[in-house]
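The structure appears below as structure tokens.
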Amino acid sequence: ETGVTQSPTHLIKTRGQQVTLRCSSQSGHNTVSWYQQALGQGPQFIFQYYREEENGRGNFPPRFSGLQFPNYSSELNVNALELDDSALYLCASSLGQGTGEKLFFGSGTQLSVL
Amino acid sequence: GENVEQHPSTLSVQEGDSAVIKCTYSDSASNYFPWYKQELGKGPQLIIDIRSNVGEKKDQRIAVTLNKTAKHFSLHITETQPEDSAVYFCAPVFSGTYKYIFGTGTRLKVLA
């Protein structure tokens, strides 16, 4: 059984650019959630995808968007990057999208915006 | 609103001692209460969880207790070891949502 994998592990971008982060969910999991973790803080919910549809969203602007593919892998896209977008972006997969489903996290993508 | 507070923010204990971290939440309808451990350079890892119909759950050296009336739950680690050193997060799931609301974290240092 493979765990959650994310790519790339590190990324440096400049303000105004666009970025795509990728996530492969754990085998058998059909739900993917994305979280942003700023330095020294807890992760914050961005959105969740279930069966290729966005299933819930946190307090993030529309320039944060995502996709889920038929194999349940997922992408997080961020347009018009701002300095405050510098953070660790975590992907988590779960067996389902119900309340209380256990989340399994990848190691994250560290994004630096200069 | 959704509010989660975690205390203490840092905790140092001698190897072999116990550690307790407390998490207070605002939504009285929350029904799922996990604890995550995050080591440097890694994503959070689920270490123990409890649901609202249970008051306590134990897994070897780790236990979680829940007080729904007071709206807090606590992580207990006994016989601490150096490898327990990490940042610990509580992350209650608020009713009617799929999102975990993470606390601000507790940095635990176990001194050998």
Exercise. Highest number of heavy-atom pairs under 4.5 Å with chain B: which of A/Gln37, A/Gln110, A/Arg57, A/Gln6?
Worked result: A/Gln37

Exercise. Does atom NZ of B/Lys22 have more than 12 heavy-atom neighbours from other groups under 6.0 Å away?
Worked result: no

Seminar exercise, completed: Ranking A/Phe45, A/Phe47, A/Phe105, A/Phe104 by heavy-atom pairs under 4.5 Å to chain B gives rank one to A/Phe105

Exercise. Counting only heavy atoms not in A/Leu114, do more than 12 fall under 6.0 Å of its CG?
Worked result: yes

For this session: Can you establish whether the number of heavy atoms outside B/Arg61 located under 6.0 Å from its atom CZ is more than 12?
Result: yes

Exercise. Should B/Leu46 and B/Ile62 be regarded as members of a common hydrophobic cluster, given that ILVMFWY residues are connected when their side-chain heavy atoms come within less than 4.5 Å of each other, either directly or indirectly?
Worked result: no

Exercise. Where does A/Gln41 contact chain B at under 4.5 Å (heavy atoms): side chain, backbone, both or neither?
Worked result: backbone

Exercise. So with a 6.0 Å cut-off around CD of B/Glu79, is the heavy-atom count from everything else above 12?
Worked result: no

Exercise. Near A/Leu95 CG, under 6.0 Å, is it more than 12 heavy atoms from other residues, nucleotides or ligands?
Worked result: yes

For this session: Find the one option among B/Val93, B/Asp49, B/Thr104 whose heavy-atom pairs under 4.5 Å with chain A are most numerous.
Result: B/Asp49

For this session: Would you name the heavy atoms of B/Tyr36 and A/Leu103 that are closest together and state the gap between them?
Result: OH-O, 3.0 Å

Exercise. In terms of hydrophobic clusters joined by side-chain contacts under 4.5 Å, are B/Tyr32 and B/Val64 together?
Worked result: no

Seminar exercise, completed: Closest non-hydrogen atoms of A/Lys102 and B/Tyr100, given as atom of the first, atom of the second and distance, are CA-OH, 3.7 Å

For this session: Measure distances from B/Gln38 to the heavy atoms of chain A and classify the residue's part below 4.5 Å as side chain, backbone, both or neither.
Result: side chain

Exercise. Would one find more than 12 heavy atoms of other residues, nucleotides or ligands at under 6.0 Å from atom CG of A/Leu83?
Worked result: yes

Exercise. Checking B/Phe102 against chain A: side chain, backbone, both or neither under 4.5 Å from a heavy atom?
Worked result: both

Exercise. Is there side-chain contact between A/Tyr35 and B/Pro44, with at least one heavy-atom pair below 4.5 Å?
Worked result: no

Exercise. When heavy-atom pairs shorter than 4.5 Å are enumerated against chain B, which of A/Ser33, A/Gly42, A/Gly108 gives the highest number?
Worked result: A/Gly42

Exercise. So what's closer than 4.5 Å to chain A heavy atoms on B/Arg51: side chain, backbone, both or neither?
Worked result: side chain

